[in-house]
Amino acid sequence: MLDILKSPIVTFQEFILLAGRATTNIVRRPFYGSDVILQMDTIGVGSLPITILIGFFSGAVMALQMSRALSQYGATGQVGQITAITLVREMGPVLTALLVAGRNASGIASELGSMKVTEQIDAMRALGTDPIKKLVTPRLIATCFTLPLLTIVADFIGIIGGYLIAVPLMALTTSSQYWNNAWRSLEYNDIAQGLLKPLVFAFIISLVGCLYGIRTTGGTQGVGRATTQAVVVASVWIFVCTFLITRVFVNI
Amino acid sequence: MSRAATERKCILRLENISLAFEDDSKVLDNVNLEMWAGETKIILGAAGAGKTVMFKIALGLLKPTSGRIYLFGQDVTDFGENQWFEVRSHVGVLFQEGGLFDSLTIEENVAYPLVNRSNQTAEQAHPAVKEALEFVELGHTLGKFPSELSGGMRRRVGIARAGISDPALLLYDSPTAGLDPITANNIMALIIQEREMRNATSAIISHRFQDGHIMANFRYNPESKRLERIPDDSPLRKSTRFVVMRDGRIVFEGSEAELDASSDPYISKFSMQRSAH
């Protein structure tokens with residue numbers, strides 16, 4: 001029994017240690033500014049088109065689903081409110097994070113994993129560079145900066161997607177009522193959890209990707225394994241954390 | 001000789017080094033090794049004998065389960081990573097596949113130790129980088145990426161990077177592994193040149209006896225720009241020592257003649273490689 005628990009506990013411990021070192025490195029010299037910019041471009045700008053796409057369709061599908069449910073109560077006018085709340089609180093952050101996890105946690109794990117198996121990380125240490133400072137911290141900063149921004153874009157595009165379904169396509173409500181409802185329904189509580197979640201998810205995505213990449217063993221096969229594990233573990237933790245954060249905010 | 005006097009000349013000393021994994025399988029078992037200034041050590045052994053692990057322990061990249069490591073006369077066993085950075089700045093390293101950074105150009109790779117440790121800018125490091133790359137006959141590859149070079153060329157870039165900061169100790173991990181005999185001999189010639197130019201202490205991990213044989217018997221003549229046989233009475237001959245590893249233990253240490261004379265079937269296999277080629 002203890003042996004079964006040993007591996008996940010050791011992994012969690014390694015995650016905490018990595019998180020601690022990566023976070024304290026943010027304020028320690030030397031700073032690798034160009035690496036941070038490069039990672040922001042890869043993670044943020046690189047994920048933008050697909051974020052817009054999934055944001056749009058998640059908003060559209062939400063409006064479609066709600067149109068039927070709301071019409072039963074004669075409340076189709078509330079479609080803007082429901083789309084906005086669902087997107088800002090839950091679907092925007094979670095879907096964007098899952099997308100970035102699939103795209104970037106895997107990318108980070110495979111890049112760092114390949115560096116590990118080809119001894120580039122050892123070479124880095126031998127040449128006087130802390131791999132956590134050079135590789136992990138820039139990815140952490142870049143993800144924490146870009147994921148909330150991507151989430152805001154996804155939320156906004158999603159509300160537009162919902163609008164296109166609710167107003168021009170299905171005439172569930174008027175344009176001004178849709179936007180008015182969407183705007184007025186959002187409270188500070190919604191915005192706060194909608195922005196806190198991507199920050200927490202960014203932490204999970206970047207550090208899980210880096211952790212599985214850095215501890216890769218077993219050649220190219222190991223890189224494949226690390227990549228898969230990083231995506232699976234990051235995705236599971238995204239769901240666990242969204243539940244925990246929502247649980248806290250529900251009571252506020 | 002007193003311990004203090006010994007430590008003045010001792011570049012690297014591994015004392016009773018053992019490394020075991022969690023399942024109690026021993027990767028290194030009570031290894032003792034000393035490297036003296038100006039000495040060349042040829043570390044031979046079959047795959048999995050623990051050669052690379054020993055090399056990584058000497059560099060502080062792996063922590064031993066027990067034993068002490070002395071580098072340049074100081075006990076570095078319990079050093080933290082930041083203290084190791086300072087120690088490692090005096091050691092040049094060539095990793096098995098070169099260990100070049102894929103995302104950096106050849107120029108950036110070779111400049112890395114200078115830019116990173118001495119805080120030089122890329123422009124300030126450029127002349128030294130060009131010279132180091134011309135030394136390994138790759139002066140034309142400055143703007144290329146490692147993936148554009150052949151295995152032998154990457155190894156040569158690795159040699160240029162290892163020597164650029166003028167280290168006191170040079171460690172080469174399998175510099176000729178997987179290379180054809182002609183390229184392998186060219187690499188060994190470069191290593192001999194580097195050894196003599198920098199007068200550095202060198203350790204070469206290899207599974208090829210020929211690499212050790214070349215190191216022990218040849219020197220570089222800068223006038224003719226060719227390798228020439230070391231005279232039998234030259235003190236240089238005595239400075240090359242062979243170490244044979246097996247299953248995490250050092251099973252032999254001595255000169256080439258002693259290696260040749262060994263009756264142990266495992267050890268003599270390495271010297272027999274010469275007749276096989």
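In the text below, chain A, chain B and the rest are named by the order of the sequence lines, each starting its count at 1.
Within a 6.0 Å sphere centred on CD1 of Ile50(A), other residues, nucleotides and ligands contribute 12 heavy atoms or fewer. Annotation: Phe156(A), atom CZ; neighbour count of heavy atoms from other residues, nucleotides and ligands within 6.0 Å does not exceed 12. Heavy atoms of other residues, nucleotides or ligands lying less than 6.0 angstrom from CD of Gln221(A) number 12 at most. For Glu131(B), the CD atom sits in a loose shell: 12 or fewer heavy atoms of surrounding residues, nucleotides or ligands are nearer than 6.0 Å. Surrounding CZ of Phe145(A) are at most 12 heavy atoms belonging to other residues, nucleotides or ligands under 6.0 Å away. Heavy-atom contacts from other residues, nucleotides or ligands closer than 6.0 Å to CZ of Arg21(A) number 12 or fewer.
For Leu100(B), the part lying near chain A is the backbone, with the side chain staying farther off; criterion is any non-hydrogen pair under 4.5 Å. Contacts of Asp102(B) with chain A are made by both backbone and side-chain atoms, with heavy-atom separations under 4.5 Å. The contact between Phe101(B) and chain A is made by backbone and side chain atoms together, counting heavy-atom distances below 4.5 Å. Heavy atoms of Lys133(A) lying under 4.5 Å from chain B are absent altogether. Contacts between Glu86(B) and chain A at a heavy-atom distance below 4.5 Å are absent for every atom of the residue.
Considering only heavy-atom pairs separated by less than 4.5 Å from chain B, the leading option among Ser114(A), Pro30(A), Ala126(A) is Ala126(A).
In this structure, Ala123(A) and Gly99(B) approach most closely via the heavy-atom pair CB-O, 3.4 Å. Across all non-hydrogen atoms, the minimal contact from Glu119(A) to Phe95(B) is OE1-CB, 3.4 Å.
The distance from atom CZ of Arg88(B) to atom CG of Leu127(A), rounded to the nearest 0.5 Å, is 9.5 Å. Between the CG atom in Asn116(B) and the CE atom in Met124(A) there is a gap of 9.0 Å [rounded to 0.5 Å]. Within the model, atoms NZ of Lys56(B) and CG of Asp122(A) stand 4.0 Å from one another, a figure rounded to the nearest 0.5 Å.
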Verdict with supporting geometry, Asp130(A) and Phe85(B), side chain to side chain contact (heavy atoms under 4.5 Å, CB included): CA-CA 9 Å; Asp130(A) 179 359; Phe85(B) 286 152; 4.0 Å; yes
CA sep, side-chain torsions, deciding dist, call: Arg125(A), Leu61(B), side chain to side chain contact (heavy atoms under 4.5 Å, CB included): CA-CA 7 Å; Arg125(A) 289 175 66 201; Leu61(B) 300 175; 3.6 Å; yes
